[in-house]
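Chain naming here is simple, since letters A, B, ... match the order of the sequence lines and numbering starts at 1 in each. This structure is a prediction, so every number in the text was calculated from the model and none was measured.
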Amino acid sequence: EAGVAQSPRYKIIEKRQSVAFWCNPISGHATLYWYQQILGQGPKLLIQFQNNGVVDDSQLPKDRFSAERLKGVDSTLKIQPAKLEDSAVYLCASSRTGRVTYEQYFGPGTRLTVT
Amino acid sequence: EDQVTQSPEALRLQEGESSSLNCSYTVSGLRGLFWYRQDPGKGPEFLFTLYSAGEEKEKERLKATLTKKESFLHITAPKPEDSATYLCAVPIGGYQKVTFGTGTKLQVIP
């Protein structure tokens, strides 16, 4: 079974530029998550989708971050314009959906450096 | 306020020296607890799910246990390849949503 795919793996941009990340979840997983992980910290949820609908985006800085999940499969996360404090690893994860909370499977992440 | 706290932040062990990592939580109505392993430059890798107090899960040198207030990840006779950051996560808030602890960085010295 193929895992969660993410691209690019690394990205360096200047502040005020824009950047986009792509994620392809495990086939059949209805729930997709985007996390931000700053060095030395645990992943912090940015946005959660179930199929192509947003379930939770309470911690997404909506003035600069946006995300979509077209057709309930692939997803993109965009930052525009980027700030220095956006430097982090952006992780995509997916899980099954059901009556209990299931484990999540993560992609390798995208390391973003904003200079 | 619902919280997840891991301790210690970092742990250095000699190869073969057993120890335990702690994940404590303040959540009303626990709906499960997850342990993940994260290697440098990689995404977290799922290890265990525990759903009820008293439950235990094992995998190779790792054993996870759960009480009503905390979970332990016991590492027996660790090897250098067990070096990683170990994260716990607890369902808090909405549907299928979890909150991660800050992790314990484990280093096993040969």
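B:K42 touches chain A through its backbone: at least one of N, CA, C or O sits under 4.5 Å from a heavy atom, while the side chain does not. Interface residue A:Y105: only side-chain heavy atoms are found under 4.5 Å from chain B. Looking at A:E103, both its backbone and its side chain come within 4.5 Å of chain B, counting heavy atoms on both sides. Of the two parts of A:T97, the backbone and the side chain both hold a non-hydrogen atom closer than 4.5 Å to a non-hydrogen atom of chain B. With a threshold of 4.5 angstrom between heavy atoms, B:P91 approaches chain A through side-chain atoms but not through N, CA, C or O. Only the backbone of A:R96 comes within contact range of chain B, judged by heavy atoms closer than 4.5 Å. Contacts of B:Y36 with chain A are made by side-chain atoms alone, with heavy-atom separations under 4.5 Å and no backbone atom involved. Heavy-atom distances place no part of A:Q6 under 4.5 Å from chain B, backbone and side chain included. Contact annotation for B:Q6: neither backbone nor side-chain heavy atoms come within less than 4.5 Å of a heavy atom of chain A.
With a 6.0 Å radius and a threshold of 12 heavy atoms from other residues, nucleotides or ligands, A:K71 has its NZ atom at or below the threshold. B:R12 CZ: 12 or fewer foreign heavy atoms inside a 6.0 Å radius. Remark: B:K97 NZ is packed, more than 12 non-hydrogen atoms of other residues, nucleotides or ligands lying under 6.0 Å away. Under a cut-off of 6.0 angstrom, the local environment of CG in A:L84 is crowded, with over 12 non-hydrogen atoms contributed by other residues, nucleotides or ligands. Atom CD1 of A:I12 is surrounded by 12 or fewer heavy atoms from other residues, nucleotides or ligands within 6.0 Å. The 12-atom threshold is not exceeded at CD of B:E9, counting heavy atoms of other residues, nucleotides or ligands nearer than 6.0 Å.
B:L87 contributes atom CG, which lies 11.5 Å from atom CD of A:Q41 (distance to the nearest 0.5 angstrom). For the atom pair B:T102 OG1 and A:I38 CD1, the distance stands at 13.0 Å (nearest 0.5 Å). Annotation: the span from A:Q37 atom CD to B:T85 atom OG1 amounts to 8.0 Å, rounded to 0.5 Å.
Summarising the geometry of B:Q96 relative to A:S95, their closest heavy-atom pair is OE1-OG, 4.0 Å, with the distance given to 0.1 Å. The nearest pair of heavy atoms linking A:L91 to B:P44 is CD1-CD, 3.9 Å. In this structure, A:T101 and B:F34 approach most closely via the heavy-atom pair O-CZ, 3.2 Å.
By number of non-hydrogen pairs under 4.5 angstrom with chain A, the leading residue of B:Q38, B:E45, B:R31, B:K105 is B:Q38. Ranked by heavy-atom pairs shorter than 4.5 Å toward chain B, the options A:S58, A:G42, A:G109, A:P43 are led by A:P43. Ranked by non-hydrogen atom pairs under 4.5 Å with chain B, the options A:Y35, A:Y102, A:F106, A:Y33 are led by A:F106.
When the side chains of ILVMFWY residues are joined at heavy-atom separations under 4.5 Å, either directly or via intervening members, A:L45 and B:V90 end up in two distinct hydrophobic clusters. Under the 4.5 Å side-chain heavy-atom criterion for ILVMFWY residues, no single connected hydrophobic cluster contains both B:L30 and B:F100. Taking hydrophobic clusters as Ile, Leu, Val, Met, Phe, Trp and Tyr residues chained together by side-chain heavy-atom distances below 4.5 Å, B:L50 does not share a cluster with B:V98. By the criterion of side-chain heavy atoms lying less than 4.5 angstrom apart, applied directly or through intervening Ile, Leu, Val, Met, Phe, Trp or Tyr residues, A:V54 is grouped together with A:F21 in one hydrophobic cluster.
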